[in-house]
Amino acid sequence: MTGTIIQILQFFASLSLLVLIHEFGHFITARMFGIRVDKFYLFFNPWFSLFKFKRKGIEYGIGWIPLGGYVSLYDSREKLMIEEEKIENRRKEAAKQGLTAEAEALAKQVEELREQQRTLPAEKDELRGKPAWQRLIVMIAGVVMNALLAVGIYAGMLFTWGEQYYHNDDMVNGYIFNDEAKALGFVDGDRIVSIDGEAIGNVSEINERLLIVDHDLSVELLRSGESVTITLPLEELVAMRERGGYKNFFGEYIPFVIRSVERDTATEAGIMPGDKVVAINGTTVADFINAVPMLSAAKSTNVEIDVARGEEIVTLSVPVDENGTIGVRVNNVQPRSYEYSFWESIPAGFREAGNQIASYWNQLVMMFNPDTKLYKEMGGFIAIGSIFPEVWSWPNFWSITALLSVILAVMNLLPIPVLDGGHVIFTLWELITGHKPSERFMVIAQNIGFYLLIALMIYANGSDILRLFN
């Protein structure tokens with residue numbers, strides 16, 4: 001099974017779970033309030049369904065367009081809407097054929113049907129017949145379920161696998177940087193202390209703080225024991241991100257100091273714990289990371305290694321194996337780890353989900369700032385699918401699914417008609433003012449929201465396709 005197929009399987013497994021959980025939120029709250037549910041579908045099913053069955057008056061099924069899913073709630077006006085659509089089509093056809101009298105008569109029928117829809121009393125098992133607060137709960141339930149799913153996944157991961165991370169305080173030797181970082185002013189061995197006055201804890205924070213930004217950054221560094229502050233202009237940070245310069249932006253600076261000797265051949269060559277490698281085959285070695293490709297290039301041969309031992313420099317002939325290693329361990333930083341009990345994992349899951357929601361919301365807000373050019377990073381289904389690894393890994397699968405659940409929750413809360421957030425805004429307006437928005441306003445708003453959503457999907461997925469060609 002190829003890596004691409006594994007990615008696709010993970011994508012559809014994750015998407016199916018997210019859609020089912022989201023729609024189940026609408027479904028269960030509707031049933032709680034006595035609202036009649038006609039259909040519950042995973043994916044959309046215009047014209048036909050891949051699979052369906054009926055139970056207790058509800059049609060459950062799987063559609064063939066994997067763009068989401070839906071719960072269809074009973075609306076007594078639906079028959080009138082269908083009849084209106086048929087007559088409206090006939091009116092258009094009559095007008096096209098020049099049958100003016102017939103077209104006018106049909107137009108009158110359309111207006112009568114619209115008036116009937118407007119005045120038709122709501123039945124007790126309809127959503128529109130329920131109090132505004134109940135409708136609000138039904139509308140927001142999908143978002144809440146996605147947020148709770150993220151909490152549950154994060155809590156489950158922490159309970160099962162615990163937490164491992166590198167803390168900035170432990171990086172006593174600082175970091176090593178790529179060329180993009182050095183062009184911004186970083187120097188190998190710099191230890192990042194704070195960004196815009198906020199101290200760095202988890203090392204993974206650094207990339208996000210440098211990439212998701214809408215202003216110039218002030219970075220405090222510890223360089224050769226002295227405090228140094230550099231300013232990173234927004235334009236340069238954006239240009240670096242667009243070039244992909246954030247890849248391997250920094251890593252741990254590891255002096256090539258021998259912590260332990262793991263292989264007899266290395267011992268026989270004379271390597272001792274505490275030796276500091278300063279040159280390989282006459283080429284100066286600044287750190288362990290830069291030495292790795294030099295050893296890799298000398299696979300299955302002997303290399304001349306200069307080591308600093310006390311006050312003297314000793315030259316040793318050391319065999320390199322077929323993997324490009326000499327059989328030693330160096331003094332690199334070990335990750336911090338924490339094991340969570342069941343009860344500890346629950347608040348930790350809420351905390352992690354909250355952090356991810358805040359982070360994604362921040363990214364979304366910055367996307368509307370043209371200076372950040374984050375709108376160029378918007379992606380569709382190809383971009384989402386590509387973040388899954390090409391090999392199956394449960395920790396990776398659940399981590400990505402939790403993140404996508406957060407994204408789905410936040411996106412659905414946007415105040416765009418046709419999304420849950422749009423319905424929430426209209427219902428809140430009704431709760432505050434005591435008046436529903438007019439039917440005409442709702443129709444116009446829904447149409448605007450629909451076309452806006454289609455435009456966003458075309459832009460996101462079109463960007464994916466352009467990236468493939470580029």
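Numbers here are sequence positions counted from 1. Everything quoted here is computed from the prediction, not taken from an experiment.
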In Å, rounded to the nearest 0.5 Å, how long is the span from CD1 of I254 to OH of Y175? 12.0 Å

Inspect the surroundings of CG in D216 and state if more than 12 heavy atoms from other residues, nucleotides or ligands are less than 6.0 Å away. yes

Output, in order, the C-alpha distance, side-chain angles, deciding distance and verdict of salt bridge (charged side-chain N to carboxylate O under 4.0 Å, His left out) for D170 and R191. CA-CA 10 Å; D170 300 333; R191 179 166 167 257; over 6 Å; no

Between N323 and T325, a side-chain donor and acceptor under 3.5 Å: no

Judged by modelled atom types alone, do T315 and D306 share a side-chain donor-acceptor pair under 3.5 Å? yes

Using a 3.5 Å distance criterion without hydrogens, assess whether the side chain of T29 forms a donor-acceptor pair with backbone atoms of G25. yes

With sequence neighbours excluded, tell me which residues meet ring-ring contact (aromatic ring centres under 6.0 Å, His included) with F249. F186

Check ring-ring contact (aromatic ring centres under 6.0 Å, His included) between W361 and all other residues, then give those that pass, not counting sequence neighbours. none

For K247, is there any backbone N or O sitting under 3.5 Å from a side-chain donor or acceptor partner on N178? yes

Reference residue P66; test side-chain contact (heavy atoms from CB on, under 4.5 Å); the match among F43, F44, F11: F43

Please table the atom pairs, donor to acceptor, closer than 3.5 Å between any side-chain atom in residues 345-358 and protein atoms at least two apart or in another chain.
{"unit_1": "S345", "atom_1": "OG", "unit_2": "F342", "atom_2": "O", "d": "2.6"}
{"unit_1": "E352", "atom_1": "OE2", "unit_2": "Q356", "atom_2": "NE2", "d": "3.0"}
{"unit_1": "N355", "atom_1": "ND2", "unit_2": "R351", "atom_2": "O", "d": "3.3"}

Sequence-distant partners of T267, side-chain hydrogen bond (donor to acceptor under 3.5 Å, both in side chains), two or more places apart: none

Could you work out, with ring-ring contact (aromatic ring centres under 6.0 Å, His included) as the rule, every residue matching F24, not counting sequence neighbours? none

Answer yes if the ring centres of W429 and F426 are under 6.0 angstrom apart, and no otherwise. no

Applying ring-ring contact (aromatic ring centres under 6.0 Å, His included), can you list everything that pairs with Y340, at least two apart in sequence or on another chain? Y338

